[in-house]
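Reviewing the structure listed below.
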Amino acid sequence: MAEEEKSFQNQTINWYPGHMAKARRQMEEQLKLVDIIIELRDARVPEASANPILKQLSQNKPVLIVLNKADLADPNKNLLWKGRFEHCLITDSVDEKLTKTVVNEVKFILKDKLERAKARGIRKKVLRAMVVGIPNVGKSTFINNIVKKKVAKAENRPGVTKSLQWIRINEDVELLDTPGVLWPKFENQDDARLLALIGSINDDILDKEELLRFGLNLLKKLYPGMISERYGVDENEEDLIEAIGKEKLWLSADNTVNMTKTIDLILKDIRSNKIGRITWEDAGE
Ligand code: G4P
């Protein structure tokens, strides 16, 4: 696998090829035990937050895609993206109806399986699910919310085996309590940039100025007027970062724009949604 030959660093994990191979084997084993995969993605970057090899690992099991952190993403685009997937839910960490919604969706997706079990005389088949996703997508929070109690944060290191435990959500569905941690996409530079823009991976590995220029160009295209509304600048300025720094008076001692500070502050604004609720990928609308 080309992607396994590369190593990648993010906030919690060093994804070295050995780790990836181990995580992949572990995931393959765990997925054998479940009827359905619940794949969490970040609603702000629904494609870039997918794991590149989950399709190969999924053993043709149904996948329920959960666009999480929807509170941070563009509400209109959330709906457009939902329509792109066969089975998809939109959610966030304060969703009070999460348990019911997920249980109903899982039962709906697996209704044929339930019927087959019934025909064989199994009246109460418990459906088993596993939550997977890249780091920071909100797996632990999601599981805690769904089971309405604090589940220990999964050891966020690939290759660390924990004994498998199941958590009963209700009489129909149970969850593997360890979220499956998968490595992020990085075969494509733009995917890595999008993950860095939302703060999901550490931007130390990227050139911050280049990252921000990429982000601002995309924003101008996706949400014309958003930057000028936030910073009071003309979006067509040749050097938008400098123009913002000048407007906001983010200056150095010699009265020129302090580029480092300006870049950091704009990136911070983006990540804390001060500029607005942004979905960085088009749903093909
Ligand atoms: P993981 O297991 O997939 O690695 O993710 P985890 O649940 O630890 O969540 C990563 C971060 O994302 C946490 O913030 C968490 O609070 C936040 N988060 C999770 N779900 C949502 C959501 O739906 N909306 C929003 N806005 N944030 C969400 P943190 O800053 O790392 O920790 P903390 O502030 O919660 O202590």
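The analysis underlying the following values was restricted to heavy atoms, covering all of them including side chains, and did not include hydrogens, waters or symmetry mates. We count ligands from 1, going down the list as the structure has it; atoms in each ligand are counted the same way.
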Shortest non-hydrogen contact from L72 toward N273: O-ND2, 2.9 Å
Closest heavy-atom pair and its distance - R271, A196: NH2-O, 2.6 Å
Option among W280, Y223, W81 that satisfies the side-chain hydrogen bond (donor to acceptor under 3.5 Å, both in side chains) test with D74: Y223
Mode of [X] contact toward ligand 1 - side chain, backbone, both, neither (heavy atoms, under 4.0 Å):
X   : answer
N68 : side chain
D71 : side chain
L72 : side chain

Regarding [X] and [Y], does a basic nitrogen lie under 4.0 Å from an acidic carboxylate oxygen?
X    : Y    : value
K124 : D172 : yes
R193 : D190 : yes
E209 : R213 : yes

Cationic tip of K139 above F142 ring, under 6.0 Å, 45° of axis: no
Pair D71-R44, salt bridge (Lys or Arg N to Asp or Glu O under 4.0 Å): steps then yes or no: CA-CA 9 Å; D71 56 315; R44 294 168 292 177; over 6 Å; no
With atoms numbered from 1 as shown, which atoms in ligand 1 lie under 4.0 angstrom from a non-hydrogen atom of [X]?
X    : answer
S140 : 2 (O), 7 (O)
D92  : 23 (O)
K139 : 1 (P), 2 (O), 3 (O), 4 (O), 5 (O), 7 (O)
S93  : 20 (N), 21 (C), 22 (C), 23 (O), 24 (N)

Do [X] and ligand 1 have an N or O pair less than 3.5 Å apart?
X    : value
T91  : no
T141 : yes
P135 : no

Minimum non-hydrogen distance to atom 10 (C) of ligand 1, winning option of L40, I134, N136: N136
